[in-house]
Peer 1: 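Sharing a structure with you now.
Just so you know, these numbers use all the heavy atoms, side chains as well, and skip hydrogens, waters and symmetry mates. The model shown is predicted, which means the values in this text are computed figures rather than measured ones.
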Amino acid sequence: MDLITEKIKKTSLSTKQDRFGKFISALALILITAVVVLIFGFVITRGLATFTTNKVSVSKFLFGTNWNPSVVDPKTGQPGIGALPLITGSLAVTVLAAIIATPFAIGTAVFMTEIAKKRGSRIMQPVIELLVGIPSVVYGVIGLAVVVPAVRSIFGGTGLGILSGTIVLFVMILPTITSMTVDALKGVPRYYRESALAIGATRWQMIYKVILRAATPGILTAIVFGMARAFGEALAVQMVIGNAAKMPGSLVSPAATLTSVLTMGIGNTVMGTLQNNVLWSLAMILLLMSLVFNLLIRWIGRKGELK
């Protein structure tokens, strides 16, 4: 009897494995959380040094139009640290690329899921996967060799500018938005389609009035996700936008983005100087914008669940 009681009280192998699995999962969760917190803490601490250590005005940094931290402006006696041209350039190429890519992505996704399911997936899926796997530098080189000369021959100027950056980013984010839109359309229940056809709707009416509307939260999430990738893209945009840190006068005039200025300048400054601190402030803006995009994606997802 005592032997049986002892065996019952003894921890089984399955219980030990379960506890070990929980420990590993908890350890991984703590590690990931710690890494994220440390990254945010480090970047924000370095980024705030511009305003706490160097006593730079936040409004002057965000809304100033003169960016040249290494040169003192003779009129004001202070270096140019206005980041508005960089913020404007980043937002311009991001929004324009998303606007252009969205119709193509939705059309491709509809073709793959509603019009030619087998043939569309067999042809388009490898193309989308290939576009996703191409390195950013290849997009930049192609943009520099093809897009920039085309823009120059059509619109004049140097060809470097927001328009060239928009075209390159359009191709880069297209597969991301397309693949997520395909998943959103596939997630629409089958009885939605059957009910629409049963009441006499044509296939296009079913797609437009039922399927796309039901998949709207997922499509919006795909668009925001694509914008998040476009906003953080550095190398490809840097090669075709012109890297002129001034307010863009038109779509074909050279401009700059947060990422292009950050990647070009961070290795040429001394840690702790104003020139270095303002670059960390740009990195902080990028980090906060990434957080905004993620929160927006989660909000859209919740709204979709409520519906």
Side-chain angles (χ1 to χ4, degrees), residues 22 24-48 62 83 86-110 112-113 128-129 131-132 136 166 169-170 172-189 192 210-234 237 257-259 262 280-307:
K22 289 181 179 179
I24 294 297
S25 300
L27 184 63
L29 178 62
I30 293 173
L31 179 62
I32 293 173
T33 304
V35 169
V36 173
V37 171
L38 289 174
I39 291 175
F40 268 83
F42 180 77
V43 174
I44 291 176
T45 301
R46 298 300 308 173
L48 290 178
L62 293 177
L86 316 181
I87 298 174
T88 303
S90 294
L91 290 176
V93 294
T94 298
V95 173
L96 290 175
I99 291 175
I100 298 174
T102 298
F104 288 92
I106 294 177
T108 304
V110 168
M112 293 175 60
T113 58
I128 294 174
E129 293 174 354
L131 290 176
V132 172
S136 298
T166 297
L169 279 182
F170 151 68
M172 293 184 67
I173 68 174
L174 180 61
T176 300
I177 301 178
T178 301
S179 59
M180 295 186 67
T181 302
V182 168
D183 294 336
L185 295 178
K186 288 182 177 180
V188 177
Y192 278 36
V210 179
I211 305 302
L212 289 179
R213 292 191 180 184
T216 296
I219 296 174
L220 292 176
T221 300
I223 295 171
V224 175
F225 198 88
M227 291 177 64
R229 185 193 175 190
F231 195 83
E233 179 56 43
V237 177
T257 62
L258 293 168
T259 52
L262 183 60
W280 280 106
S281 298
L282 298 182
M284 182 179 66
I285 293 176
L286 284 169
L287 190 64
L288 294 177
M289 285 302 302
S290 299
L291 179 61
V292 169
F293 282 126
N294 278 276
L295 293 176
L296 186 58
I297 290 172
R298 292 178 65 86
W299 180 78
I300 293 173
R302 290 198 192 101
K303 298 294 287 186
E305 290 177 0
L306 292 175
K307 291 181 179 180

Peer 1: Closer than 3.5 angstrom, by distance alone: can the side chain of R229 be matched with the main-chain N or O of M172 as a donor-acceptor pair?
Peer 2: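 Between the backbone of M172 and the side chain of R229 there is a qualifying donor-acceptor contact (under 3.5 Å).
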Peer 1: Locate the shortest heavy-atom distance separating T166 from A97; write the atom from each residue and the value.
Peer 2: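 Shortest heavy-atom separation between T166 and A97 comes out as CG2-N, 3.6 Å.
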Peer 1: Using a cut-off of 6.0 Å, state whether more than 12 heavy atoms not belonging to F293 lie near its atom CZ.
Peer 2: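 Counting neighbours around CZ of F293, more than 12 heavy atoms of other residues, nucleotides or ligands fall under 6.0 Å, so yes.
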Peer 1: What do the steps show when you test T259 against L86 for side-chain contact (heavy atoms from CB on, under 4.5 Å), and what is the final call?
Peer 2: CA-CA 9 Å; T259 52; L86 316 181; over 6 Å; no
Peer 1: Backbone N or O of T176 within a donor-acceptor pair of the S179 side chain at under 3.5 Å?
Peer 2: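 Yes, because the side chain of S179 sits within donor-acceptor range (under 3.5 Å) of the backbone of T176.
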Peer 1: Working to the nearest 0.5 Å, report the span between OH of Y192 and CD1 of I211.
Peer 2: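 The distance works out to 9.0 Å.
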Peer 1: Between A109 and T181, what is the shortest heavy-atom contact and its length?
Peer 2: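 Taking A109 first and T181 second, the nearest heavy atoms are CB-CG2, 3.5 Å.
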Peer 1: So how far is it from I44 CD1 to L288 CG, rounded to the nearest 0.5 Å?
Peer 2: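 CG of L288 is found 5.5 Å from CD1 of I44.
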Peer 1: Working note: M227 + V95, criterion side-chain contact (heavy atoms from CB on, under 4.5 Å); need CA distance, chi angles, decisive distance, verdict.
Peer 2: CA-CA 7 Å; M227 291 177 64; V95 173; 4.2 Å; yes
Peer 1: Specify the closest pair of heavy atoms between A215 and V188, including all atoms of both residues, with the distance to one decimal.
Peer 2: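 What the structure gives for the nearest pair is CB-CG2, 3.9 Å.
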Peer 1: Please report the interatomic distance CD1(I285) to CG(L262), rounded to the nearest 0.5 Å.
Peer 2: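 Rounded to the nearest 0.5 Å, the CD1-CG separation comes out at 10.5 Å.
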Peer 1: Compute the ring centroids of F104 and F170, then answer whether they are less than 6.0 Å apart.
Peer 2: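 Between F104 and F170, the centre distance is under 6.0 Å.
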Peer 1: Begin from the C-alpha positions of F40 and L287 and carry the test side-chain contact (heavy atoms from CB on, under 4.5 Å) through to its verdict.
Peer 2: CA-CA 8 Å; F40 268 83; L287 190 64; 3.7 Å; yes
Peer 1: Can you pull out every side chain to side chain donor-acceptor pair (under 3.5 Å) where at least one residue sits in residues 280-297? Sequence neighbours excluded, please.
Peer 2: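 Of all non-adjacent pairs touching residues 280-297, those that pass side chain to side chain donor-acceptor pair (under 3.5 Å) are T50-S281, N276-W280.
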Peer 1: If I compare all heavy atoms of L286 with all of F231, which pair ends up nearest, and what's the gap?
Peer 2: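 Closest pair (atom of L286, atom of F231, distance): CD2-CE2, 3.5 Å.
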Peer 1: Rounded to the nearest 0.5 Å, how far does CD1 of I223 lie from OG1 of T216?
Peer 2: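 Output value for this atom pair is 9.0 Å.
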Peer 1: Give, for atom OG1 of T178 and atom CD1 of I173, the distance between the pair rounded to the nearest 0.5 Å.
Peer 2: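 So the OG1 of T178 and the CD1 of I173 are separated by 9.5 Å.
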Peer 1: Please give me the minimum heavy-atom distance between L174 and A105, naming the atom from each residue.
Peer 2: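 The pair with the smallest heavy-atom distance is CD1-N, 3.7 Å.
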Peer 1: Could you tell me the separation between the CD1 atom of I177 and the OG1 atom of T102, rounded to the nearest 0.5 Å?
Peer 2: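 Output value for this atom pair is 4.5 Å.
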Peer 1: Given side chains that start at C-beta, do those of M112 and I128 come closer than 4.5 Å, heavy atoms only?
Peer 2: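 Counting from C-beta outward, M112 and I128 do come under 4.5 Å.
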Peer 1: Would the distance check show the side chain of S90 and the main-chain N or O of L258 forming a donor-acceptor pair, the cut-off being under 3.5 Å?
Peer 2: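 Yes: the side chain of S90 pairs with the backbone of L258.
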Peer 1: Begin with the C-alpha distance, continue with both residues' side-chain angles, and end with the deciding distance and a verdict on side-chain contact (heavy atoms from CB on, under 4.5 Å) for T45 and F42.
Peer 2: CA-CA 5 Å; T45 301; F42 180 77; 5.9 Å; no
